[in-house]
Amino acid sequence: MIIKLLLLAGILGAVVTALRSSTSMTYLAVRRVALLAFAGAAAVSVLSPSTLTWVANRVGVGRGTDLVLYGLVVVFLFVSIGVYQRIQHLEERIVRLTRTLALNDPDSREADGPEE
Amino acid sequence: MKMDDVWVVVPMYNEASAIAAVVHDLRTVFPRVVCVDDGSVDQTAVEAGIAGATVLRHSVNLGQGAALQTGFDFVARQPGANWVVTFDADGQHLVSDAERMVGVARSQDLDVVLASRFAGAVDNIPRVRRTVLAAAVAYTRWSSKLAVTDTHNGLRVISTRVLPRLSLKQSRMAHASELLNRIHTLGLAYGEVPTTVVYTPYSLKKTQTNLNSINILFDLALARLRAGS
């Protein structure tokens, strides 16, 4: 069935983005376009549920709502991975910042380091 | 033996009751001790300073790997430093073991000397802990391709000439395996020395829980996937 291919492709795409962990401009652009497309599809499905069902039938899903659910799962995967990557980047920054602060202010009572 | 070219790095987190004695013992042999306080909320940093160590403070808790790396960065800036010793803050290592390991590193001109509790005497190791550690050893031996007998011992001697190439990325506990992987990939000369680990009620309470090994595995698997892609 087509839906199986689509969903597997989506999951694969999510895994690939997770491993690439890129923050490039293209990646951002793709995300923004995807967001717009998603919003558009959501609007269409609200205005015309029959279109949604029609699309669902095309890809081999019985009901439109089921298609929405499947889509949501894949989108959720992408979003989770995106959030996780952002947090990772933030943590790396915090590590670097904290380390710099620590190294710039060593606390020693006795004369240490180069005595000569 | 002159120990002026050795810096002992002690990562510490909430060890106020133990740290002073550890630093004091260390300084009977090693004049240069740097304690990296990983955001402790108690008097650990103050105690270490009074005991005569140089203290670096992380404003927030980052994890032991990050604390070690901060210590390494500090030592790399010290003129005349030839060796780094990593030493746990809870008092589970013997200073005499560290001294012996530095001797081995010097005489055999090694890049890294690792301590092994299983090649040496073990005091009071609980059975569950032994099993978890054995599993960790098996996994790490397989993944790092090093024939070591103890992979999660906090006592190590590292030559400062390889320090810039080590740069640990694992902030939490996976740094131990990361270090071993690095030894393999960089082709460093390493040795293993039997040492004693003293399991006291205090060090057992402070040490990582056995369940944390799952977290370590997860961190390592992620890093591996990343490196592979």
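Within every chain, numbering begins at 1; the chains are lettered A, B, ... in the order of the sequence lines, protein sequences first and strands thereafter.
Contacts between Thr70(B) and chain A at a heavy-atom distance below 4.5 Å involve backbone atoms as well as side-chain atoms.
None of Asn104(A), Asp105(A), Leu103(A) except one satisfies the side chain to side chain contact (heavy atoms under 4.5 Å, CB included) rule with Leu56(B); the exception is Leu103(A).
Chain B is approached within less than 4.5 Å, heavy atom to heavy atom, by Glu91(A), Ile94(A), Val95(A), Thr98(A), Arg99(A), Leu101(A), Ala102(A) from residues 90-102 of chain A, ordered by number. By a heavy-atom distance cut of under 4.5 Å, not one residue of residues 56-68 of chain A is near chain B.
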